[in-house]
Protein chains: 2
Amino acid sequence: MNIGEASTRSGLPAKTIRYYEDTGLIAPPARAENGYRDYSETDVHKLSFVRHSRGLGFSVDECSQLLSLYEDKDRQSSDVKAIAQKHLTEIDEKIRELQELRSTLHHLVNNCHGDGRPDCPILEGLAGGA
Amino acid sequence: MNIGEASTRSGLPAKTIRYYEDTGLIAPPARAENGYRDYSETDVHKLSFVRHSRGLGFSVDECSQLLSLYEDKDRQSSDVKAIAQKHLTEIDEKIRELQELRSTLHHLVNNCHGDGRPDCPILEGLAGGA
DNA sequence: TATAGGCTTCCAGTTGCTGGAAGGGCAAGG
DNA sequence: CCTTGCCCTTCCAGCAACTGGAAGCCTATA
């Protein structure tokens, strides 16, 4: 099938599919006689796999590792779990950081009357070290 | 003072200070006779202001708006509050998204025994639509 | 005077795409 | 047979927000 159908079926934009091919994340597909890329069902499965992985926040590099494991029938599930566990830890860390930001910002916003006058605790906070 | 001291005092890397100048976020400082940038106390305050704003996750563009308001003694605090409020909403949205990711990923990780065998619910989830 | 550091500019690379230009392929309609 | 329109190809540029490095000048100190 052409890249357009592979795009629809995998849920990845055609541009992105080509980009993944350029950067080596996915192997170049077969080519039809007219030079068009020709994707198989298996290719589409892999593209979907990558889309889901990216959707869960894995980096392209991590997706590459996960895809290798996905294709390796002799893999050890512990290798997969290690990657996922590490990512989970990073997500937790990111959530923690955002919640801290949120808390600080929330205090500042709450203390600002937000009217026509110029005095503003938000600006004071940003100037003073918040 | 030279850029090195301005860097130490503001907490921003010298590289970043020059970058902010290049992109117009901060005004070019005075220059000494030898061509070195020459920062005032006020400059350092503004750099700190930007650092704190970036630290709270405001985009460079938002920082630019906040800095203008900071410098405008006739500002309306409602303008500041609007920017901060919008950013707060975005942070909340991001936290929500991350928590959703986290939940999905957590389930997958929890169901994977993570040993030497190849069968792996994480890979199955990624292949099947998680 | 030699050396070590700080300063200058400019160019390139990072991550993960996305948009656009220029051109060829292909099926349907007039 | 030719046009229209959509799909495909490649390549180049740009987004955010820096960061690293090269080449070269300035300055302070031993």
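What you see below is based on every heavy atom in this structure, not just the backbone, and it leaves out hydrogens, waters and symmetry mates. We name chains A, B, ... by the order of the sequence lines, and we start the count at 1 in each one. Note that the coordinates shown come from a computational prediction; the quantities given were computed from them, not determined experimentally.
- Minimum heavy-atom separation, Leu56(A) to Leu101(B): O-CD1, 3.6 Å.
- Helix bend of the helix from dT1(C)-dA30(D) to dG30(C)-dC1(D): the angle between its two end axes, each built from five pairs, comes to 30° after rounding to 10°.
- Rounded to whole Å, atom P of dC25(D) lies 19 Å from atom CG of Asn2(B).
- OP1 and OP2 of dA17(D) both lie 4.0 Å or more from every side-chain N or O belonging to Thr23(B).
- Applying the salt bridge (charged side-chain N to carboxylate O under 4.0 Å, His left out) test to every pair with at least one member in residues 99-112 of chain A, sequence neighbours left out, gives these pairs: Arg96(A)-Glu100(A), Arg102(A)-Asp92(B).
- dC11(D) atom P lies 12 Å from atom CZ of Arg18(A), rounded to whole Å.
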Listing time: all N or O pairs from protein to nucleotides 12-16 of chain C that are below 3.5 Å?
| from | atom 1 | to | atom 2 | distance (Å) |
| --- | --- | --- | --- | --- |
| dG16(C) | O3' | Arg54(A) | NH2 | 3.3 |
| dG16(C) | N7 | Tyr19(A) | OH | 3.4 |

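- Applying the salt bridge (charged side-chain N to carboxylate O under 4.0 Å, His left out) definition to pairs two or more places apart or across chains, those involving residues 4-15 of chain A are Glu5(A)-Arg9(A), Arg9(A)-Glu41(A).
- Interface residues of residues 25-51 of chain A facing DNA chain C, ordered by number: Asn34(A), Tyr36(A); criterion, heavy-atom separation under 4.0 Å.
- Looking at residues 91-99 of chain A, you'll see that no heavy atom sits under 4.0 Å from any atom of DNA chain C.
- When rounded to the nearest whole Å, the span between CG of Leu12(A) and C1' of dC17(C) equals 11 Å.
- With sequence neighbours left out, the side chain to side chain donor-acceptor pair (under 3.5 Å) criterion links Thr8(A) to no other residue.
- Within the structure, side-chain hydrogen bond (donor to acceptor under 3.5 Å, both in side chains) contacts touching residues 27-39 of chain B (residues at least two apart or in different chains) are Glu21(B)-Arg37(B).
- Closest approach to the Thr16(B) side chain among dC7(C), dC18(D), dT9(D) is made by dC18(D) (side chain taken as heavy atoms from C-beta onward).
- Applying the salt bridge (charged side-chain N to carboxylate O under 4.0 Å, His left out) criterion to Asp115(B), with sequence neighbours excluded, gives Arg117(B).
- Remark: of the listed residues Ser48(B), Cys63(B), Ser64(B), Cys63(B) is the sole one forming a side chain to side chain contact (heavy atoms under 4.5 Å, CB included) with Ser53(B).
- Legend: salt bridge (charged side-chain N to carboxylate O under 4.0 Å, His left out) pairs involving residues 56-71 of chain A, not counting sequence neighbours, sorted by first then second residue: Lys46(A)-Glu71(A), Glu62(A)-Lys86(A).
- Put simply, the residue from Leu105(B), Val109(B), Ile122(B) that forms a side chain to side chain contact (heavy atoms under 4.5 Å, CB included) with Gln85(A) is Val109(B).
- For Lys15(B), whose side chain is taken as the heavy atoms from C-beta onward, the closest listed nucleotide among dG20(D), dC18(D), dC8(D) is dG20(D).
- For Cys120(B) against Val80(A), the heavy-atom pair with the smallest separation is SG-CG1, 3.6 Å.
- Remark: C1' of dG6(C) and CD1 of Ile17(B) are 14 Å apart, rounded to the nearest angstrom.
- For Thr23(A), the side-chain contact (heavy atoms from CB on, under 4.5 Å) partners are Tyr19(A), Leu25(A), not counting sequence neighbours.
- The nearest whole Å value for the distance from the CD1 atom in Ile3(B) to the P atom in dT8(C) is 5 Å.
- Scanning both residues, Asp74(A) and Asp72(A), for their nearest heavy atoms gives N-OD1, 2.8 Å.
- Within the structure, every pair that satisfies the ring-ring contact (aromatic ring centres under 6.0 Å, His included) test and touches residues 65-116 of chain A, not counting sequence neighbours, is listed here: Phe49(A)-Tyr70(A), Phe58(A)-His87(A).
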